[in-house]
Amino acid sequence: MKRNSSNLLEWQWKNYSGAHQNKTNLIVHLCAVPLFISATFGLSIAIARLSLAIGAASLGAIALSLALQGKGHALEQRRASRFTGVRDFVSRMLAEQFVTFPRFLLTGGWGKNFSRR
């Protein structure tokens, strides 16, 4: 399936379980995705309050979350598709953090993959 904005979530979901098999990567995502989500909300608060300190802390937390997830993905046998540019990176990251990983966790995919030998 070729990716485009209309089927990003479908494409991501189809490939997600296979690219999230390593137990260490699963644990990293369990910690790093909530960090990303809360830091994104922190960035919104920073903008609303015009707070440089909150903004810097939030951007640092987002960067840390993405770095941890990158390290986790490096442990996977099946690598994620390469990013085709900044727009692809941003859209895929936002989709994964806010939709695909929470869906994977809440529908039991995370637990199923974690319990595999």
Side-chain angles (χ1 to χ4, degrees):
M1 171 186 301
K2 186 174 187 230
R3 280 178 302 168
N4 63 43
S5 59
S6 66
N7 65 15
L8 172 61
L9 292 174
E10 181 183 347
W11 172 84
Q12 200 171 54
W13 182 248
K14 179 182 171 194
N15 295 291
Y16 204 78
S17 182
H20 293 82
Q21 300 282 321
N22 181 280
K23 287 186 180 191
T24 301
N25 187 33
L26 290 169
I27 292 169
V28 165
H29 275 66
L30 194 61
C31 299
V33 171
L35 175 63
F36 181 95
I37 292 170
S38 60
T40 302
F41 287 117
L43 194 56
S44 299
I45 292 167
I47 292 167
R49 292 187 178 181
L50 300 175
S51 172
L52 188 57
I54 295 172
S58 297
L59 287 174
I62 289 170
L64 175 61
S65 171
L66 294 177
L68 289 170
Q69 289 179 66
K71 293 286 188 185
H73 278 287
L75 302 171
E76 294 288 351
Q77 288 184 348
R78 182 172 160 197
R79 301 298 169 120
S81 299
R82 292 187 180 274
F83 297 107
T84 59
V86 173
R87 186 176 188 171
D88 183 50
F89 173 79
V90 170
S91 63
R92 283 173 54 188
M93 280 300 109
L94 291 175
E96 179 177 2
Q97 308 305 300
F98 286 99
V99 179
T100 307
F101 179 78
R103 179 181 177 194
F104 183 63
L105 181 67
L106 295 173
T107 61
W110 187 96
K112 182 179 174 184
N113 283 5
F114 190 79
S115 65
R116 285 188 182 144
R117 291 188 175 227

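Nothing fancy with the numbering, it's 1 onward along the sequence.
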>> By the side-chain hydrogen bond (donor to acceptor under 3.5 Å, both in side chains) test, which pairs, at least two apart or in different chains, include something from residues 45-54?
In response: none

>> Please find the pair of heavy atoms, one from G55 and one from L43, that lie closest to each other, and give the distance.
In response: O-CD1, 4.0 Å

>> Rounded to the nearest 0.5 Å, what separates atom OG1 in T40 from atom CG in L59?
In response: 9.5 Å

> L52 and I54: same hydrophobic cluster, using ILVMFWY side-chain contacts below 4.5 Å?
Replying inline: no

>> Check the orientation of H20 and F104. Use parallel for under 30°, tilted for 30 to 60°, and perpendicular for over 60°.
In response: tilted

> Any side-chain heavy atom of L66 within less than 4.5 Å of one from M93?
Replying inline: yes

> Do I37 and V33 come close enough that some side-chain heavy atom pair is under 4.5 Å?
Replying inline: yes

> For H73 and N25, which heavy atoms make the closest approach, and how far apart are they?
Replying inline: N-OD1, 3.4 Å

> Are L35 and L106 connected, step by step, through hydrophobic side chains (Ile, Leu, Val, Met, Phe, Trp, Tyr) whose heavy atoms are closer than 4.5 Å?
Replying inline: no

> Heavy-atom distance under 4.5 Å between the side chains of K112 and S17, does that happen here?
Replying inline: no

> Got a second to check how far I27's CD1 is from L68's CG, nearest 0.5 Å?
Replying inline: 13.0 Å

> Do Q21 and R78 meet the criterion of a side-chain donor-acceptor pair at a distance under 3.5 Å?
Replying inline: no

>> Name the residue from F98, Y16, W13 that meets the side-chain contact (heavy atoms from CB on, under 4.5 Å) definition with R103.
In response: W13

> How many angstroms lie between atom CG of L94 and atom CG of L8, to the nearest 0.5 angstrom?
Replying inline: 9.5 Å

> With sequence neighbours excluded, what pairs up with A39 under the side chain to side chain contact (heavy atoms under 4.5 Å, CB included) test?
Replying inline: A61, I62

> Has the side chain of S65 got a donor or acceptor atom that lies under 3.5 Å from a matching backbone atom of A32?
Replying inline: yes

>> Can you tell me how the ring of H29 sits relative to the ring of F101, calling it parallel under 30°, perpendicular over 60° and tilted otherwise?
In response: tilted

> Taking atom OG of S58 and atom CZ of F36, what is their separation to the nearest 0.5 Å?
Replying inline: 11.0 Å

> Is there a path from F114 to L30 through hydrophobic residues (I, L, V, M, F, W, Y) whose side chains come within less than 4.5 Å of each other?
Replying inline: yes

> When rounded to the nearest 0.5 angstrom, what distance separates CZ in R92 from OG1 in T100?
Replying inline: 10.5 Å

>> Return the CG to CD distance between N15 and E10, rounded to the nearest 0.5 Å.
In response: 10.5 Å

> Which heavy atom of D88 sits nearest a heavy atom of T84, and at what distance?
Replying inline: OD2-N, 2.9 Å

>> So which atom in N22 and which in L75 form the shortest heavy-atom distance, rounded to 0.1 Å?
In response: ND2-O, 3.6 Å

